[in-house]
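A short write-up of the structure that comes next.
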Amino acid sequence: MPDQISGGGRKAAACLALLLLALATGCSLYGGVMPPSPSGDPLNRVHGVPFYAQEEYQCGPAALAMAMTWSGLPVLPDELTSQVYTPSRKGSIQPDMITAARRRGRMAYVIHGADSLSSEIAEGVPVVVLQNLGLSWYPVWHYAVVVGLDRETGEVILNSGPTRMKRTPWRVFENTWGPDFWGLLVLPPSRLPAVAEEKPWLEGAVGLERAGQPAAAREAYASAATRWPNSHDAWIGLGNTRYAGGDAEGSAEAFRRAAEARPDSGIAFNNLAFVLNELGRRDEALKAARKAVSLGGPQIETFRRTLSDIERAAP
Amino acid sequence: MRSKFSSLVCLTVVLCLLTLNVASARAGLVSTEASMSATHNVENRAFVKAQLQRDDVQRILENKGLTVAEAEQRVDALSDAEINRIVEQVGDMPAGGGFFGVLIGAAVLVFIILLITDMTGATDVFPFVKKAN
C-alpha cells in the first residue's frame, strides 16, 4: 500500500534524502565538478614528464624528480632522497620538497585549489599534489604528479606510485586532495606560472638566494621585473643579485628602476648610492645617498653610514 | 701567565669579531628580504588606516567616544610589529577571510585595533588587558 504513506513520512524521507545529498556534496569545494579548461580544450595533457615508479615510502622523491626533470633538470628519485625524505616519518614533508627544489636552482611555487591546477595543466606545467588516500583520522599521505585533465571523461591523469598516467575520477581525486588543495610547481626561474602573484614569486626568489643559488635568484628577479615593472622589490632583488654577480652597471640600473617605481624608497636610493660609488661616480652617489637619508625609514642608520662612507672617500 | 695570554687572545678575537660584525651590518646594500619586509609593513599600515576611513568603523569609534583623528594618532604610534599583529588577527577572523576586498566587520576591527593599542598602553579600553609599562 505505497499510496498510504503518511505525509509526515514522506517529509521525513525527503529531509533524509536532502541530508544525504548535502553530506555527499558538502565536503567537496567544487561540488565534484571539474573546473572548465581555460583554453577550451576538453583534454589538457602535460608533455615531457618522465615516469619514475616509486619505491616504498618514496613518493616524495619520485614526484619531485618527475617535476624537476620536466623543468629541464634531469634527476633521479634516489638523488633527491637524502634531501627530501625523513626516515623517522617514513615520508617527505612539504617544506622539504620546496627547499630541495631550491637547492638545485629551481623555483618552487605553491598553488592552491582546482582553478589554479586547471590553469597550470592547460599551460603545460605538471603539478605535484599531496593526497590523503586514507581517512581524515587515519591519514595516508601520498605525493603524485598531475599530468592531465580530461573533461570528457571527468578524469584526472596522474603519475602516481607505480602507475604511469593513472586515470582517477575527478570526484575521487578531489576528496583525496588535501590539505588545503596544495599543489607544487617546479619551474625554471625564468618561467613564471600562469597564476603567478608578485609576492609569493619574490619570496621564492629570496628562497633561492638563501639556498645559495644566486644565479637562479637573479633570473627569478629578472622575470619578476619584466612581468611587474612597477615592483620595487623585484628591482631591488635584481640589483642586489646583479651586484653579487659582479655586474655593478646592471645593478645600478636596477636600483634606478626601483627608485622610479617608488620615489619615496630610501632603500632604493641607498643601494643606488653604494653601487654608484663603487663605480667611481661619486657625485651621483652623493646625491643618491643624501636623498636616501632625507627619505629616512627603519634603515636610516645604514643610509647615514653609506653617506658618510662616500663623503669620507673624498678625493 | 698562560691565563693572561689566553684572555688577551680571547679579547682580541672578540674585538675583531665585533668590529667585523658592525662593519657588515652598517654600511652598504640593504638586502632584498629587508626591502620586502619594509614593503609589507607599509602595506599593512596603509590597510589599517584605510579601515579607519570606513563609515561604519567611524560610527563605532564615535560610540566609544573616540574621534577618527585620535584613533589615527594611536595607530601612528604603533610599531610595525603591532600593526602586523592587527592585520594578522583580522586575517584570522573566520568571517573576515580576505585581506583587501573582503569587508571585515567594523565592530571586530575596532575591537582588535583597540585591543592592540590597549596592550601597548596607548589606550585603556579593556580592563582585562595587561598593560605594557
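In what follows, every chain begins at residue 1, and chains take the letters A, B, ... in the order their sequences are listed. These values consider heavy atoms only, across backbone and side chains, with no hydrogens, waters or symmetry-generated copies.
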Atom pairs and distances, side-chain donor-acceptor, residues 98-105 of chain A, under 3.5 Å, sequence neighbours left out:
residue	atom	partner	partner atom	Å
A:T99	OG1	A:P95	O	3.2
A:T99	OG1	A:D96	O	3.2
A:R104	NH2	A:E79	O	3.4

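- Ranked by heavy-atom pairs under 4.5 Å with chain B, the list A:L307, A:N271, A:L202 is led by A:N271.
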- [ ] Evaluate side chain to side chain contact (heavy atoms under 4.5 Å, CB included) for B:D80 paired with B:N44, printing each intermediate quantity in order.
- [x] CA-CA 8 Å; B:D80 286 337; B:N44 279 358; over 6 Å; no

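- Proximity to chain B among residues 251-261 of chain A is limited to A:F255, judged by heavy-atom separations below 4.5 angstrom.
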TODO: Mind running side chain to side chain contact (heavy atoms under 4.5 Å, CB included) on A:E284 and A:K287 for me, showing each step along the way?
DONE: CA-CA 5 Å; A:E284 291 169 79; A:K287 213 176 131 203; 5.6 Å; no

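- Between A:A289 and A:I310, the shortest heavy-atom distance links the atoms CB-CD1, 3.9 Å.
- Between A:R290 and A:E311, at least one side-chain N (NZ, or NE/NH1/NH2) sits under 4.0 Å from a carboxylate O, which counts as a salt bridge.
- A:F274 and A:Y243 have perpendicular rings, their planes meeting at more than 60° on a 0 to 90° scale where under 30° would count as parallel.
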Return all side-chain donor-acceptor pairs below 3.5 angstrom for residues 191-199 of chain A, not counting sequence neighbours, or 'none' if the list is empty.
residue	atom	partner	partner atom	Å
A:R191	NH2	A:E123	O	3.1
A:E198	OE2	A:S231	OG	2.8
A:K199	NZ	B:E43	OE1	2.7

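- Salt-bridge check for A:E301 with A:R304: passed, with a basic side-chain N closer than 4.0 Å to an acidic carboxylate O.
- Contact check for B:T67 versus B:L61: no side-chain heavy atoms found under the 4.5 Å cut-off.
- Salt-bridge annotation for A:R312 and A:D309: present, with a side-chain N of the basic residue lying under 4.0 Å from a carboxylate O of the acidic one.
- Chain B is approached within less than 4.5 Å, heavy atom to heavy atom, by A:V206, A:E209, A:R210 from residues 206-218 of chain A, ordered by number.
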